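So the structure is just underneath, and the comments pick up after that.
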Amino acid sequence: MRWLVLYARSRHVPATLTALVISAVGVWALTRDPGEGAGDPRLPVLFLAAGAMAASTGLGGQDLDLDRTAAIRWVPRRAAHVLLAGSVVAAVLLTVRATGGGMVPTAFVVRDSAGLMGLAALGAALAGGQYAWTLPFAWLSLSFIAPPAASTPMGVATWMLLPPGTAAGTWTALTLVTVGTAAYAAAGPKRSR
């Protein structure tokens, strides 16, 4: 087997892709009627968060000691893993959008997918791969219950639901993807005790 196949299997890529496809079919089924909730960002955000949480399970390897002692450079591979996972999650939702149902703009999907994967990567660096999903889940929960953004702090809190091009949403997502990817690439997943 090639190293890429072994890496994908050790990072639970087949299970993640299965979860993404099942979620995508659910989103497609719920958005087939374009009149119902057209333009409502909650369902696409829920899918993107679920995709980031599914992908976060692969941010921790099977054996962290083996990962840390390997003679390969992990920093670029970890960064590529986070960015590729975010790209796949966004591509799946954009594919669903292309098959019908005018959901949300492409800029919205790209921004939220990047920010959520950065948040998952930060969760892996802070809490380990098995708990990397907790940060996207917690921020998603906060976004759903918070009042509409009337100030910059509320805009940062609800960045996932803001329209594309909103400064608070764009800068929050950019900060999360940059900090999360850099922290995960440099430190890797936290070792669980």
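Computed from heavy atoms alone, side chains included, the values below leave out hydrogens, waters and symmetry copies. Remember, predicted model here, so these are calculated numbers, not experimental data.
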Fill in the blank from the handout: Applying side-chain contact (heavy atoms from CB on, under 4.5 Å) to Ala182 and not counting sequence neighbours gives none
Handout entry: Which atom of Trp159 lies closest to which atom of Asp112, heavy atoms considered
Key = CZ3-OD1, 3.5 Å
Completion exercise
Students should find that the hydrophobic cluster of Ile22, defined by side-chain heavy atoms under 4.5 Å apart, otherwise consists of none
Exercise for the section: Report whether Leu83 and Met117 are members of the same hydrophobic cluster (ILVMFWY, side-chain heavy atoms less than 4.5 Å apart, transitive linking). Expected result: no
Problem - Exercise: identify the closest heavy-atom pair between Ser56 and Ala120 - result: CB-CB, 3.8 Å
Exercise for the section: Using the rule that two of Ile, Leu, Val, Met, Phe, Trp, Tyr join whenever any of their side-chain heavy atoms come within less than 4.5 Å, decide whether Trp171 and Leu119 are in one cluster. Expected result: no
Exercise for the section: Look up atom CZ in Arg42 and atom CG in Leu161, then write down how far apart they are to the nearest 0.5 Å. Expected result: 8.5 Å
Fill in the blank from the handout: For Ala107, the side-chain contact (heavy atoms from CB on, under 4.5 Å) test, sequence neighbours excluded, returns Pro164
Problem - Residues forming a side-chain contact (heavy atoms from CB on, under 4.5 Å) with Ala79, sequence neighbours excluded - result: Thr181, Ala185
Exercise for the section: Identify the heavy atoms of Leu162 and Phe108 that sit nearest to each other, and give their distance. Expected result: O-CE1, 3.3 Å
Handout entry: Heavy-atom side-chain contact between Val109 and Pro44 under 4.5 Å
Key = no
Problem - same_hphob_cluster(Val110, Val179) at 4.5 Å side-chain heavy-atom cutoff - result: no
Practice task
Considering non-hydrogen atoms only, spot the tightest contact between Leu122 and Leu135 and give its length.
Solution key: C-CD1, 4.0 Å
Practice task
State plainly whether one hydrophobic cluster holds both Leu48 and Leu46, where clusters connect Ile, Leu, Val, Met, Phe, Trp and Tyr through side-chain heavy atoms under 4.5 angstrom apart.
Solution key: yes
Exercise for the section: Could you identify which residues cluster with Met53, counting Ile, Leu, Val, Met, Phe, Trp and Tyr as linked when any side-chain heavy atoms lie under 4.5 Å apart, either directly or through a chain of such contacts? Expected result: Trp133, Phe137
Problem - Nearest atoms (heavy-atom pairs only) where Ala54 meets Thr16 - result: O-OG1, 3.2 Å
Exercise for the section: Determine whether Leu126 and Leu176 fall in the same hydrophobic cluster, where Ile, Leu, Val, Met, Phe, Trp and Tyr are linked whenever their side-chain heavy atoms lie under 4.5 Å apart. Expected result: yes
Problem - Under 3.5 Å donor-acceptor, Arg111 side chain and Gly165 backbone - result: no
Exercise for the section: Measure the spacing between CG of Leu93 and OG1 of Thr106 and express it to the nearest 0.5 Å. Expected result: 9.5 Å
Exercise for the section: Let me know which of Leu142, Leu140, Thr172 forms a side chain to side chain contact (heavy atoms under 4.5 Å, CB included) with Met160. Expected result: Leu140
Completion exercise
Shortest non-hydrogen pair, Val156 vs Trp139, comes out as O-CZ2, 3.4 Å
Handout entry: Min side-chain heavy-atom separation Tyr184-Pro189 under 4.5 Å
Key = yes
Practice task
Kindly write out the residues that satisfy side-chain contact (heavy atoms from CB on, under 4.5 Å) with Ala50, not counting sequence neighbours, or none if the list is empty.
Solution key: none
